[in-house]
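Here is the structure we will look at, set down as structure tokens.
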Amino acid sequence: MSNLRPLLERNRAFAATGAHTWLEILPRQQVFLVTCLDPRVDPAGFLGVEPGDAPVIRNAGGRVTEAVINDIAFIGCLAKTIIPDGPLFEVAVVHHTGCGTGFPAYAAFQSAFAARTGMDEAVLAAAEVVDPTVTVRADVQRLVSTLRALPQISVSGHVYDLETGLVTTIVGPSQPWRAHSLSAVGGDAGANWLGAG
Ligand SMILES: [Zn+2]
């Protein structure tokens, strides 16, 4: 018997409501979410995201990896063909307190897992979220610097506190074109602007 069975029963109930029949492919909220795969960190719960609201990418830590950048760029290019002149969407990166990737045991586990699977240990280490306010700033900066070709996408960074249930905005929303132009002025203007929450 599949472990999915209880969820398939919920699917039957969902299908019976007909709620899926009126959904559009264009998201209602103009937000693209990147967050952790931790089951406690489900945007349907802590952000009230409903079907049709927003694309969501979840991975270990909610980190902005190469794969995440590629997916955002793909969806961004697609949206630009549909809405050439308008703002496309805001990418909201949400890291959280108490992330499993930040536990001390995770560091030891990385070595064993890398040895067993042949994965690069550095890739596993890059997923760590020890201080979510630090990693979310780093990930927003990475996205902003790589999305300059899609200036209609803005990027923001947030931390979800598992204790209080509240989300705090740490960065943004920042726009790649503005960060680029401020960086070109010189000094740390771009970085400071990025840090202004
Ligand atoms: Zn996590």
Side-chain angles (χ1 to χ4, degrees), residues 3-4 6-7 10 27 29-76 89-147 153-174 176 194-197:
N3 292 344
L4 195 64
L7 299 182
R10 294 186 197 181
Q29 299 296 333
Q30 293 185 311
V31 170
F32 191 122
L33 292 164
V34 180
T35 196
C36 187
L37 50 68
D38 186 319
R40 300 168 297 178
V41 186
D42 187 343
F46 76 96
L47 290 176
V49 172
E50 296 179 347
D53 269 347
V56 178
I57 293 179
R58 297 177 69 184
N59 64 22
R63 301 309 308 267
V64 172
T65 63
E66 204 66 39
V68 168
I69 290 170
N70 289 342
D71 280 346
I72 292 170
F74 174 74
I75 296 299
F89 50 80
E90 175 179 334
V91 180
V93 183
V94 186
H95 292 177
H96 70 100
T97 60
C99 188
T101 63
F103 292 167
Y106 182 73
F109 169 77
Q110 283 172 27
S111 301
F113 186 73
R116 198 179 305 143
T117 62
M119 267 187 80
D120 186 349
E121 204 172 326
V123 172
L124 294 169
E128 279 183 1
V129 176
V130 178
D131 181 345
T133 63
V134 171
T135 50
V136 87
R137 281 182 188 279
D139 280 6
V140 166
Q141 282 190 317
R142 183 176 187 193
L143 256 183
V144 166
S145 65
T146 53
L147 289 177
I153 297 176
S154 57
V155 186
S156 59
H158 315 261
V159 170
Y160 172 47
D161 187 322
L162 286 181
E163 294 290 323
T164 66
L166 293 172
V167 173
T168 302
T169 296
I170 307 297
V171 189
S174 314
L194 275 175

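We count ligands from 1, going down the list as the structure has it; atoms in each ligand are counted the same way.
- Listed by chain and number, C36 SG, H96 NE2, C99 SG are the protein N/O/S atoms closer than 2.8 Å to the Zn ion (ligand 1), with waters left out.
- Residues passing the salt bridge (charged side-chain N to carboxylate O under 4.0 Å, His left out) test with D42, sequence neighbours excluded: R58.
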Residues 30-40 side chain polar contacts: donor-acceptor under 3.5 Å, at least two apart:
| residue | atom | partner | partner atom | Å |
| --- | --- | --- | --- | --- |
| T35 | OG1 | V94 | O | 2.8 |
| D38 | OD1 | R40 | N | 2.8 |
| D38 | OD1 | R40 | NE | 3.1 |
| D38 | OD2 | R40 | NE | 3.2 |
| D38 | OD2 | R40 | NH2 | 2.6 |
| R40 | NH2 | G98 | O | 3.3 |

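- The CG atom of L166 sits 8.5 Å away from the OH atom of Y160 when rounded to the nearest 0.5 Å.
- What you find for R63 and V68 is that their closest heavy atoms are O-CG2, 3.6 Å.
- Across every non-hydrogen atom of H95 and G61, the tightest pair is CD2-O, 3.2 Å.
- E66 pairs by the side-chain hydrogen bond (donor to acceptor under 3.5 Å, both in side chains) definition with R142, not counting sequence neighbours.
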